[in-house]
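What follows is one structure encoded as C-alpha cells, with my remarks underneath.
Lettering of chains follows the sequences in order, A, B, ..., and the numbering in each one begins at 1.
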Amino acid sequence: MAMEITQFLLAAQSADARVRTEAEASLRQFQEQNLPLFLLSLSFELENNDKPAESRRLAGILLKNSLDAKDSARKDHLVKQWFAIDVALKSQIKDRLLKTLGSSALEARHTSAQVIAKVASIEIPQKQWPELVGSLLNNMTQQGSPAHLKQSTLETLGYVCEEISHHDLVQDEVNSVLTAVVQGMNQSENTAEVRLAATKALLNALDFSQTNFENEMERNYIMKMVCETACSKEAEIRQAAFECLVSIASTYYEVLEQYMPTLFELTSNAVKGDEESVALQAIEFWSSICDEEIDRQEYDSPDSGDSSPPHSCFIEKALPHLVQMLLETLLKQEEDQDHDDDVWNISMAGGTCLGLVARTVGDGIVPLVMPFVEKNISSPDWRSREAATYAFGSILEGPTIDKLAPMVAAGLEFLLNATKDGNNHVRDTTAWTLSRIFEFLHSPDSGFSVISPENLPRIVSVLLESIKDVPNVAEKVCGAIYNLAQGYEDSGANSSLLSPYLTEIITHLLAAAERTDGAESKLRGAAYETLNEVVRCSNLSEASSIIAHLLPAIMKKLAETMDLPIISTDDREKQAELQASLCGVLQVIIQKLSGREDTKPIIIQNADDIMRLFLRVFGCHSSSVHEEAMLAIGALAYATGAEFVKYMPELFKYLQMGLQNFEEYQVCSITVGVIGDICRALDEKILPFCDQIMGLLIQNLQSGALHRSVKPPMFSCFGDIALAIGAHFERYVAPAVQIMQGAAQVCAQMDTLDEELMDYANQLRRSIFEAYSGILQGFKDTKAELMMPYAQHLLQFVELVSKDSLSRDESVTKAAVAAMGDLADVVGENTKQLFKNFTFCGEFLNECLESEDEDLKVTARWTQGMIGRLML
Amino acid sequence: MAPHDIRRPFKRRPISDQQKRRELSLLRQTQHRSDAQQRARNLASSVISLQSSSPDVDPEILSEAVPELDEGTESESSNFDVRQASRLRGPEARKWFARQLMLPEWMIDVPDNLSQDWYVVARPAGKRCFVVSSDGTTVSRVRNGSILHHFPSALPGGARKKGAAGPASSYSILDCIFHESDQTYYVIDMVCWRGYSLYECTAEFRFFWMQSKLAETGACDPPSFYHKFRFSAVPFYNCDQSGLHSAYTGSSPYVKDGLLFYNKHAHYHTGNTPLVLIWKDESCSQYVIDTDNNGEVPNQQHIVLELQEEGKLVTSDDPPVPFSYLNADFVKQSGLSSGSLIRFAIGDGGLKCVDGRFEKADLQYIGVSNRARAFADSYSKIMFQYMARHSPLKVEDLASTISHENQQDKPPEVEMSD
C-alpha cells in the first residue's frame with residue numbers, strides 16, 4: 001500500500017538546508033530500501049488533487065528520474081530495476097498515471113504525460129504495455145470526455161511517439177493514433193488548448209506516418225488539416241502547424257508537388273505579415289526544401305552512378321517570387337543584432353535562406369538579386385546598404401565563377417571602401433562579404449583569383465586597418481584574412497605573394513588577440529585561429545624565420561597564463577580557454593616547422609622548453625587533461641623522435657589520466673592518438689610503459705561506458721604498440737586478439753542501412769585490421785608462430801568484409817588486403833593450407849587489382865606476391 | 001519535447017579551427033601509421049646487405065685498393081650497413097659504392113606486357129650517380145665510385161646546420177642523373193629514405209614513394225646556402241601508347257638520353273638486370289652509337305671485354321657471356337692478366353647469331369681499355385650497339401607491340417552471346 005510522503009517531499013524543498021538535507025536522505029533511504037513502494041507512493045502523490053502543487057511537482061520529477069537518465073549506463077540500470085518490479089504493482093502505478101491525465105491541475109497532467117512516455121519507452125518495445133494506446137484513444141473518443149483530458153492525452157500521444165520507434169506499433173495502432181491526433185486539430189470541434197496539443201503531437205507522429213503519406217487520400221486529409229491549422233487565429237497554433245510543415249518538407253519531400261501552390265501562398269503570407277515566431281518557421285520551410293534539393297544534387301553527382309531520389313526543382317520553379325520575398329526580409333534588421341549571439345530574427349533567417357537558394361540554383365539567382373544590390377548599396381539608409389551587402393555576400397556560393405567574377409571584380413573596390421562606412425552593422429556585413437569573396441573566388445591553385453599582385457597591397461592594408469575596428473567587425477576581418485591565407489595554401493610560388501606581409505599580418509593578429517574590449521565577442525579566438533591558418537598556409541622557405549620568431553613569442557604568452565589570478569571557476573575556465581588557443585598555435589608551428597628537415601632543428605632546440613610549458617598547462621587543471629596541450633604533444637613527439645623518451649616519466653601520468661577520461665571522450669581519443677605518435681617516435685623505448693597502457697586500453701575497450709568513437713583509435717593503437725615493441729607484444733597478444741575478435745563479431749551484426757552506423761563499422765573494421773597488421777609485422781622473424789591460432793579467424797573476418805562490397809569503403813579494403821598479406825608474409829608456410837581453403841582470396845585480390853586507387857593496387861600486388869610465394 | 005532548432009550558423013564558418021586541427025592531426029597519424037606499416041612490410045630492417053652482384057667484375061680502378069673488403073669477409077659484411085659504408089673513405093668507399101647501382105640492360109627485343117607491367121621514363125642526359133645524404137652532408141658518386149660532388153642538401157641528414165642534431169638514422173640514398181646545364185640532380189630511383197631501405201620494394205612502390213616523399217623535404221626547392229643543388233623526380237608513365245608518347249616526344253626540362261623501362265614488380269637489384277631496360281634512337285638521344293675518346297663515332301663498333309683465366313673473354317653479365325678467347329702466348333706477350341678489360345673492334349665479319357643468340361664474333365684487338373672504366377660491356381649493350389648500326393629497334397616497333405597487346409586484351413565479341 002502506498003505511503004504518505006507529502007511531508008518529506010515538501011521538506012526536501014525547504015529553504016532551511018538542514019531540513020532539506022534530512023528530508024532528501026529519508027527519501028533516498030525509502031527509494032533504496034523499497035523501490036516499488038517508493039514509486040507507487042510517488043504516483044499516488046502525483047494523482048491526488050488534494051495534495052499541494054509543490055509536493056506533486058517533486059513526485060513527478062522523482063518518478064521521471066527513476067525511469068530515465070542521460071548517462072547510458074545509469075539508464076540501463078534504471079530499466080533493469082523497472083523490469084524487476086512486480087507486474088501487478090507496476091500496473092497500479094500506470095493506472096495512477098493514466099488517471100492523472102484527467103486531473104484538474106495542469107501541471108500534474110503535464111508531468112504525468114511525460115512519465116507515461118518514459119514508461120512507454122521501456123515497456124512498448126517489449127510489448128509489456130499493449131493496452132496503453134487503446135486507453136489513450138478511449139480518452140479521445142469517449143462521449144463527453146472533458147477538453148483538458150483530451151489535451152493531456154494528445155500531449156501524451158506526442159511524447160510517446162517521440163520516445164518509441166514506429167516499428168514498435170502495428171499499422172492499425174499508427175492509424176488510430178494519427179486519426180485521433182488529426183481529429184484533435186479540427187477547428188470546429190475542439191478548444192484552442194486541444195488543437196495546440198494535437199498539432200504538437202502531430203509533429204512527433206509524422207515520423208510514424210510513412211504508410212499514410214503514401215496513400216493519397218490520407219495524405220490529402222492530413223495536409224488539408226495542417227494547412228487549415230496554419231491559418232488558425234491563435235499564433236501559437238499557427239507556429240506549431242508551420243513546424244509540422246518544416247518537418248514534412250524534409251521527411252516527405254517526394255510527395256509535396258501537388259501542395260506547393262498552397263504552401264507557397266501560406267508561407268509567403270506568413271513571411272510578409274505574420275508574427276515573427278511564425279514567419280521564422282515559414283522561412284525555415286524553404287530552407288529545409290533547399291537542404292533537401294542540395295542533398296539530392298550532391299547525391300546525384302555523375303560519378304556516384306547511383307540512381308538518385310527524385311528532384312522536383314521546387315526552388316527553381318518558385319525562384320523569382322521566393323527571392324523577392326527573401327530580399328524584403330533583409331531590410332528588417334534589428335539594431336545591434338551582431339553583438340548578441342542569441343539573436344535569431346527574420347532578416348538573419350531570410351539572408352541564410354537566400355544563401356541556400358543560391359547554392360540550390362546557382363547562376364539563376366544572380367540577375368534576380370543584383371538589381372536589389374545596385375539599387376540599395378549606396379542608399380543613405382543604413383538598412384538598405386546593409387541589406388544590399390548581405391544579399392551580395394549571400395549569393396557568392398553556388399553560382400559559377402564565370403558568372404560571379406566580373407561582378408566581384410567590379411564591386412571589390414566599393415566593398416574595400418565600405419569598410420569605412422559610418423554604420424557598424426554595414427561594416428560588419430562588408431567584412432563578412434569580403435571573407436566570402438576570398439573563400440569562394442580566391443583559389444590561385446585552381447587557376448582563378450580576384451586577387452592579383454596589383455590589388456593585394458591595397459587589400460592587405462584595408463584588412464589591417466579594419467582589424468582595429470570594433471570587436472564584432474574585427475572578428476569578421478579575421479575571417480577574411482583566414483580565407484585570404486587559405487587560398488594560397490599548397491599554391492606553390494603563388495604562396496610567396498603573401499610572404500612580404502606576413503610579419504605585419506601576424507603582428508596585427510596578435511594585437512587583436514590582446515584586445516580587452518573584445519571580451520564578450522569571439523575576437524580573441526578568431527584572431528588565434530586565423531594566426532594558425534596564416535602559419536599553416538605560409539611558404540615555409542620564405543617564412544621560416546618569421547615563424548621561428550613567432551615561436552618564442554607564443555611560448556612567452558603561454559607561460560604568462562600560469563600567473564593569471566585564479567579566484568573563481570570562471571577565471572579557471574578563461575585561463576583554460578586562452579591556454580587552448582595558445583597550445584593550438586604551438587601545435588601548428590611545431591607541425592609546420594618539423595615538416596621539413598631544414599627547419600625541424602628549430603623545434604628540436606626548443607623542445608625541452610615547449611614540453612615544460614605543456615606539463616605546466618596540465619598542472620593547472622587537476623580534474624581533466626588539457627586537450628589542446630595533448631594534441632600539440634603528439635606533434636612534438638613526431639618532431640623529436642626517440643629523444644622524446646626523456647619526457648615520458650613526467651608526461652606518463654597525464655597520458656594515463658587522458659586514457660581514463662571517459663566523459664570527455666575527445667580527450668580520451670586524442671590521448672590514444674598521441675600514444676600512437678609516441679610509439680612511432682620511441683620504438684622499443686616505449687616498452688616500460690606498455691603494461692599500464694595496454695592494461696588501460698583493454699579495460700576501456702571492455703567498458704560499456706566508453707563513447708564508441710574512441711574504440712577504433714584504440715585498436716589502431718594496439719597495432720602501433722605492437723609494431724614498436726615487436727616480440728615483446730607476446731604478453732598482450734591473447735587478451736588483445738580476443739577483444740579484436742569480439743569487435744569483429746559486433747561489426748558483422750551491425751545494421752547496414754544506418755549510414756552513421758556503417759561509417760562507424762568501417763572505422764572499426766579498419767582499425768581491427770591495422771591492429772592485426774601491427775602485431776603480425778611486429779612478430780616477424782621472431783614470434784610469428786604465436787599468430788597461427790588466430791590465422792583462421794583473421795581470414796574469416798577478411799572474407800566477411802570482402803563480401804560486403806556495399807558498405808565497405810576503400811580504406812577498409814586496403815587494410816584488409818594488407819592484413820592478409822601480412823599473415824602470408826609473417827606466418828608463412830603454415831598458412832598455406834588456409835589460403836588454399838579460403839577461395840575468396842583470389843577474387844578479392846582481383847577486385848583490388850582492378851581498383852582505380854594506386855595505393856590499393858600496390859598493396860594488393862604485394863599481398864598477391866606474399867601469398868603467391870607460399871603456393872610455389 | 002525538443003522542437004526542431006531553426007537557428008542556423010550566421011556569418012560563421014561551419015567548422016572550428018580546433019576541429020580542423022584535430023582532423024589534421026588524425027590525418028597525420030593515419031599517414032604515419034600507414035608509412036610505418038608499409039615499411040615493416042617492405043623491409044625487415046634498415047640494413048642493406050652488401051650484395052655484390054658479380055664478384056668477378058672487379059673495377060680496375062681499384063687495382064691499387066686496400067683489400068679490407070676481400071672475399072673472406074663477404075659473409076660478415078652482409079650485415080654491413082650504409083651508415084658504416086658512408087664512413088668508408090677513399091678506394092674502399094669507391095669499391096663499395098661502385099657495386100650499388102642497378103644497371104639497365106639494353107633493349108634488344110621488346111618485353112611482353114609492356115603496357116601492363118612496365119613504366120617508361122625519359123632518361124636525362126648526364127652523369128649517373130648515387131647520392132647519399134647522411135651525417136649532415138651529401139655525397140654524390142658516379143658509376144665507378146668516385147666522388148662527383150660533396151655538398152649540403154635538404155635531403156634527410158643532408159646538411160650540417162647549427163643544432164641540427166637529427167637522428168643518426170636519418171640518411172637517404174638516391175639513384176640520380178646529374179644534368180649539367182641546369183645543375184640539377186634528376187632522381188630516377190629511390191633506394192633508401194630516412195634510414196629505411198627500399199631495396200626489397202617493387203619499382204611501383206619505390207616510384208610512388210619517391211614522388212610523394214622527395215618534395216616534402218624541400219629537396220626540390222631552388223638552391224640555397226644549405227641546399228646547393230636542386231633535386232627533381234623524373235616523371236614516369238605507364239608504358240601504354242600515351243605513356244610512351246609522353247616520354248618519347250613530350251617536352252622535359254632536361255636533355256633526354258634515351259628511354260628507361262622499369263618493370264613494376266622488380267626490386268632494386270644491384271648490378272645488371274633485365275628488369276630495367278634502356279633504349280635509344282636518334283630523336284631522343286645524342287648518344288645512340290658509342291663514340292671514341294675524341295667524341296667521334298668510329299667506323300667500327302668498339303667493345304670492351306674482360307679477360308678471364310685461360311684467355312677467356314667475357315661480358316660483364318652475371319653469369320658472364322663468353323665471347324671469344326685470346327691466345328695464351330698473346331696474353332703473356334702483351335702483359336695482360338686475368339681481370340684486365342680489353343678493347344676490341346668488330347670486323348667486317350660482324351656478329352653471327354643463331355636463333356637470336358650470339359654465336360661468333362669477328363673481333364680485332366685494339367688494346368687495354370681506359371683505366372677509368374669499371375666494367376666490361378654487357379651482352380645487351382654489345383648487341384644493341386650492333387643492331388643500332390645495322391637494323392635498329394625503332395620506336396614504331398615499341399608502339400606496335402603495345403597496340404598489339406591491347407588488341408589481345410580485348411575479349412572476343414562472341415563471348416557476349418554466350
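Heavy atoms closer than 4.5 Å to chain A are found in the side chain of H265(B), but not in its backbone. Residue contact with chain B, scored on non-hydrogen atoms closer than 4.5 Å, is absent for R436(A). Only the side chain of R680(A) comes within less than 4.5 Å of a heavy atom of chain B; its backbone N, CA, C and O stay farther away. Contacts between I603(A) and chain B at a heavy-atom distance below 4.5 Å are absent for every atom of the residue. Proximity to chain B (any heavy atom under 4.5 Å) is restricted, for K476(A), to the side chain, taken from C-beta onward. For T429(A), the parts lying near chain B are the backbone and the side chain together; criterion is any non-hydrogen pair under 4.5 Å. Within the 4.5 angstrom heavy-atom criterion, no atom of S669(A) approaches chain B. Both the backbone and the side chain of E770(A) come within less than 4.5 Å of a heavy atom of chain B. Residue contact with chain B, scored on non-hydrogen atoms closer than 4.5 Å, involves the backbone of V343(A) exclusively. Proximity to chain B (any heavy atom under 4.5 Å) is shown, for Y528(A), by neither the backbone nor the side chain. Residue W432(A) touches chain B through its side chain alone, counting heavy-atom pairs closer than 4.5 Å.
We find that K20(B) and E533(A) are joined by a salt bridge, their nearest charged nitrogen and carboxylate oxygen being less than 4.0 Å apart.
With rounding to the nearest 0.5 angstrom, the CG atom of D221(B) is 8.0 Å from the CG atom of N539(A). Note that the CD atom of E204(B) and the NZ atom of K857(A) stand 7.0 Å from one another [nearest 0.5 Å]. Here the CG atom belonging to D291(A) is positioned 4.0 Å from the CZ atom belonging to R8(B), to the nearest 0.5 angstrom. Expressed to the nearest 0.5 Å, how far CZ of R7(B) lies from CD of E284(A) amounts to 12.0 Å. If you take OG1 on T217(B) and NZ on K600(A), they are separated by 11.0 Å, rounding to the nearest 0.5 Å.
Under the 30°/60° scheme for interplanar angles, the aromatic rings of W344(A) and F10(B) are found to stand perpendicular.
S716(A) and Q29(B) form no side-chain donor-acceptor contact under 3.5 Å, judged by distance and modelled atom types alone.
Counted within 6.0 Å of NZ on K213(B), heavy atoms from surrounding residues, nucleotides or ligands total more than 12; the atom is thus considered enclosed.
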